[in-house]
Number of protein chains: 2
Amino acid sequence: MRKRVEAEALQKLATDLLVAAGVPHEDAQITAWALVLADLRGVESHGVARLGNYYVDRVRAGVINPRPNVRTVHEGPSVIVLDADNGLGQPVAYRAMERCIAKAKEAGVACVAVRNSNHFGAAGVYAMQALQHDMIGLALTNSQPLVIPTYGRKRILGTNPIAFAAPAGKERAFVLDMATSVVPIGKVEVWRRRGELVPLGWGADAEGLPTTSPEAIIRGGGLFPLGGAAETAGYKGYGLAAMVDILCGVLSGAAFLTGVLPPSTTQERPSDVGHFLAALDIGAFRPIDEFKQDMDRFIRELKESPKAAGQERIFIAGEKEFEAEEERRRHGIPLDSKVEEELKRLCQELAVPWPF
Amino acid sequence: MRKRVEAEALQKLATDLLVAAGVPHEDAQITAWALVLADLRGVESHGVARLGNYYVDRVRAGVINPRPNVRTVHEGPSVIVLDADNGLGQPVAYRAMERCIAKAKEAGVACVAVRNSNHFGAAGVYAMQALQHDMIGLALTNSQPLVIPTYGRKRILGTNPIAFAAPAGKERAFVLDMATSVVPIGKVEVWRRRGELVPLGWGADAEGLPTTSPEAIIRGGGLFPLGGAAETAGYKGYGLAAMVDILCGVLSGAAFLTGVLPPSTTQERPSDVGHFLAALDIGAFRPIDEFKQDMDRFIRELKESPKAAGQERIFIAGEKEFEAEEERRRHGIPLDSKVEEELKRLCQELAVPWPF
């Protein structure tokens with residue numbers, strides 16, 4: 001049994017730690033909100049588990065700018081380009097999406113491209129900002145190279161996620177939040193720790209050939225893009241990962257491919273991560289009530305569709321995460337002992353009292 | 001050796017056949033252009049092979065409206081919604097993309113959603129319209145149900161393609177044009193005719209379980225979404241297929257899921273296909289020369305990356321198609337004997353002289 005803690009208290013702790021590291025209070029709050037929302041939704045790989053390594057330690061090492069001067073590079077009727085000044089990814093992405101939504105309210109659709117940013121956590125939380133405005137949200141980011149292109153053998157693409165959120169009526173919103181690799185590297189690491197072989201198609205060895213050895217994927221190999229090897233259309237996942245990098249990296253003027261540095265406390269220059277956000281105002285396309293009714297029909301037709309042998313349920317993108325969130329808001333967020341240890345380390349280093 | 005014909009002559013034949021079937025000359029020209037461009041690019045499944053079954057026969061059967069009154073349902077600064085009046089998909093999509101590009105020139109980015117349309121051929125040709133305007137183009141469409149959702153066993157989603165085109169400088173443009181299923185149903189049919197088993201992960205049998213039998217996939221089974229079974233993240237491809245249907249079907253007010261009727265001459269109501277097109281004016285984000293230089297660097301870094309054992313080349317999305325186009329513009333488009341037979345049938349039925 002893992003210890004459970006209240007979301008609000010965890011969010012306050014994360015905020016306090018970021019503030020103690022030198023991050024302004026509002027930026028710290030937004031960052032903590034994004035991390036804890038990921039934990040609530042069961043996306044623990046993008047939650048407070050990373051608070052130390054990805055954010056606090058790097059702010060303290062001077063690798064991330066805690067007080068960035070975010071600059072609007074271009075602004076048009078439906079486009080904004082921001083330079084994040086090497087700040088934390090979460091506050092710039094959150095505020096960029098708010099501006100994107102305001103612009104979409106006027107123009108019908110709007111996009112924001114962000115350069116010179118950092119890892120922003122789970123893409124889904126920004127796409128979901130659109131929901132309460134009766135809009136469709138899209139959030140993409142590039143990331144450190146972990147994925148090999150089809151017929152290659154070097155990690156050159158990020159796991160470059162695509163997040164897409166669309167509201168429904170009586171049903172829960174549709175929230176897709178997916179890396180464009182088959183699996184995240186963390187999942188391969190979990191199987192390695194368990195001493196198990198992974199399914200064929202998750203990754204390649206140092207020769208670029210499909211392997212079931214998690215060790216081979218981690219040491220010298222890399223992740224396959226969605227689809228796996230070429231035979232099962234891995235070139236499509238490769239194409240999607242490249243598309244995300246073109247929008248986030250090339251279009252924004254950020255780094256791309258191996259130019260995006262992995263989060264570390266010793267990196268010699270900023271990571272220069274790029275994001276791409278979009279909002280579509282549904283009311284500019286059709287009456288919102290009709291849209292939501294159709295979304296309900298869409299979701300129900302999928303869910304009520306006949307099941308495969310041995311299966312009892314067809315899921316909608318985001319459904320498991322909404323259920324996790326409901327459960328965790330009621331019963332608390334489970335804290336892994338390793339994560340607890342890590343948070344205690346940060347508390348000690350930054351003289352923040354441990355609240356749990 | 002297959003007979004080769006000149007693209008221009010093939011396009012004229014397709015135009016003449018469509019005109020003879022009652023399609024206005026300009027609409028026929030656009031439709032023929034889209035089909036022959038697919039043939040030039042080696043995407044023969046979306047070329048003149050379908051001229052009879054998908055278009056001419058259905059116009060003649062009164063199932064597609066040859067002279068639609070395309071109506072602008074909504075128009076805003078960066079959004080247009082069109083009702084295609086059950087016309088051919090190609091002319092409405094082509095003109096919609098032209099309007100989208102004009103709007104993006106003003107607003108920076110623009111979208112067009114189309115309802116009440118029909119099969120529009122290869123999505124890539126519309127995304128590529130953006131290239132000559134130094135824009136990024138996006139073209140999506142929903143389509144007849146052939147794909148089963150993760151944990152399901154019924155064909156409920158279309159192969160719902162994503163096409164994305166971005167210009168480069170000295171390098172060729174990046175043109176992704178991919179169905180969100182692992183493979184198209186036509187590929188499974190080809191393997192069945194050859195009497196071969198297909199790779200595991202392409203599709204499921206009538207129970208929704210992975211199978212290598214093309215027969216089982218075709219009779220009662222269905223295609224897997226990109227990623228294959230759940231173990232290899234097929235739920236991501238399922239999520240992408242659903243995303244495309246939300247944008248093309250739900251947002252436009254068209255049919256979605258099993259509401260999209262397969263192309264046939266005997267269907268009782270219009271197919272009500274929906275499309276979603278977008279254009280992003282690169283100059284609204286950053287200087288176009290900088291963008292193109294970075295695209296060249298992006299493409300070269302991918303191509304020059306180390307190769308997997310046994311491989312000599314890493315491809316960029318669209319590269320094979322550009323090479324096919326160059327070769328076919330020089331030496332002609334190979335005509336399959338079955339396709340030739342089919343075109344001759346149309347010529348005979350419509351009293352159009354056979355030109356080859």
Side-chain angles (χ1 to χ4, degrees), chain A residues 74 76-79 81 107-109 111 113 149 151-154 156 164 166 174 176 178 182-183 199 201 204 207-209 226-228 231-233 236-237 239 242-243 246 250-253 256-258 280 282 284-286 290-291 294-295 298 301-302 305-309 311 313-314 317, chain B residues 74 76-79 81 106-109 111 113 149 151-154 156 164 166 174 176 178 182-183 199 201 207-209 226-228 231-233 236-237 239 242-243 246 250-253 256-258 280 282 284-286 290-291 294-295 298 301-302 305-309 311 313-314 317:
Chain A
H74 284 292
S78 62
V79 168
V81 180
V109 57
C111 300
Y151 301 145
R153 63 179 161 84
K154 183 182 160 191
I156 183 168
F164 173 90
F174 176 97
L176 181 67
M178 53 168 268
V182 180
V183 291
E207 297 292 292
L209 302 176
L226 179 60
E231 180 183 75
T232 45
K236 295 186 179 187
M243 175 183 83
I246 290 170
V250 183
L251 186 62
S252 75
F256 48 82
L257 297 176
T258 57
L280 285 76
I282 294 161
F285 291 84
R286 60 183 301 208
E290 289 178 16
F291 177 89
D294 276 353
M295 278 300 294
F298 178 86
E301 186 179 346
L302 280 166
S305 175
K307 312 301 177 286
Q311 300 298 335
R313 201 171 157 190
I314 291 170
Chain B
H74 284 292
S78 62
V79 167
V81 180
E106 299 297 320
V109 57
C111 301
Y151 300 146
R153 63 179 161 85
K154 185 183 158 190
I156 183 168
F164 173 90
F174 176 97
L176 181 68
M178 52 168 269
V182 180
V183 290
E207 297 291 293
L209 301 176
L226 179 60
E231 180 183 75
T232 44
K236 295 185 180 187
M243 175 183 83
I246 290 170
V250 182
L251 185 61
S252 75
F256 48 81
L257 297 175
T258 57
L280 285 76
I282 293 161
F285 290 85
R286 62 182 301 209
E290 290 179 16
F291 176 89
D294 276 354
M295 278 300 294
F298 178 85
E301 185 178 346
L302 280 166
S305 175
K307 312 301 177 285
Q311 299 298 335
R313 204 170 154 187
I314 291 171

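Computed over heavy atoms, backbone and side chain alike; hydrogens, waters and symmetry mates excluded. Chain identifiers are assigned alphabetically (A, B, ...) following the order of the sequence lines, protein sequences preceding nucleic acid strands; residue numbering begins at 1 within each chain.
Across B/M178, B/H74, B/K236, the residue that shares the most heavy-atom pairs under 4.5 angstrom with chain A is B/K236. Chain A forms the most heavy-atom pairs under 4.5 Å with one residue out of B/A107, B/A233, B/A309, and that residue is B/A107. Put simply, of B/L209, B/V109, B/T258, the one with the most heavy-atom pairs under 4.5 Å next to chain A is B/V109. When the candidates B/G208, B/A242, B/A317 are compared by the number of heavy-atom contacts under 4.5 Å with chain A, B/A242 comes out ahead. With chain A as partner, the option from B/M243, B/E106, B/K154 having the largest number of non-hydrogen pairs under 4.5 angstrom is B/M243. In terms of heavy-atom pairs under 4.5 angstrom with chain B, the leader among A/A113, A/G201, A/G253 is A/G253. Put simply, of A/C111, A/A204, A/G237, the one with the most heavy-atom pairs under 4.5 Å next to chain B is A/C111. In terms of heavy-atom pairs under 4.5 Å with chain A, the best-connected choice from B/L176, B/V81, B/V183, B/I314 is B/I314.
Shown here for A/F174 and B/G239, the closest heavy-atom pair between the two residues is CZ-O, 3.6 Å. The two residues B/G227 and A/L226 come nearest to each other via the heavy atoms CA-CD1, 3.9 Å. Nearest heavy atoms, A/T232 versus B/V182: O-CG1, 3.6 Å. Smallest separation of non-hydrogen atoms from B/R286 and A/V250: NH1-O, 2.7 Å.
No donor-acceptor pair closer than 3.5 Å links the side chain of A/R153 to the backbone N or O of B/S305. A/R313 places no side-chain N or O within donor-acceptor distance of the main-chain N or O of B/Y151, the cut-off being under 3.5 Å. The closest donor-acceptor contact from the side chain of B/S78 to the backbone of A/S78 lies at 3.5 Å or more, if one exists at all.
Proximity to chain A (any heavy atom under 4.5 Å) is restricted, for B/P149, to the side chain, taken from C-beta onward. In this structure, chain B has a heavy atom under 4.5 Å from the side chain of A/I156, while its backbone stays farther away. Heavy-atom distances place the side chain of A/A166, and not its backbone, under 4.5 Å from chain B. Looking at A/F164, only its side chain comes within 4.5 Å of chain B, counting heavy atoms on both sides. Within the 4.5 angstrom heavy-atom criterion, atoms from both the backbone and the side chain of A/F298 approach chain B.
Atoms CD and CD, on B/Q311 and A/E207 in that order, are 12.0 Å from each other to the nearest 0.5 Å. Between the CG atom in A/L280 and the CD1 atom in B/I246 there is a gap of 12.0 Å [rounded to 0.5 Å]. Atom CZ of A/F291 and atom OG of B/S252 lie 10.0 Å apart (nearest 0.5 Å). Atom CG in A/L251 sits 12.0 Å away from atom CD in B/E290 (nearest 0.5 Å).
With a 6.0 Å radius and a threshold of 12 heavy atoms from other residues, nucleotides or ligands, B/E301 has its CD atom above the threshold.
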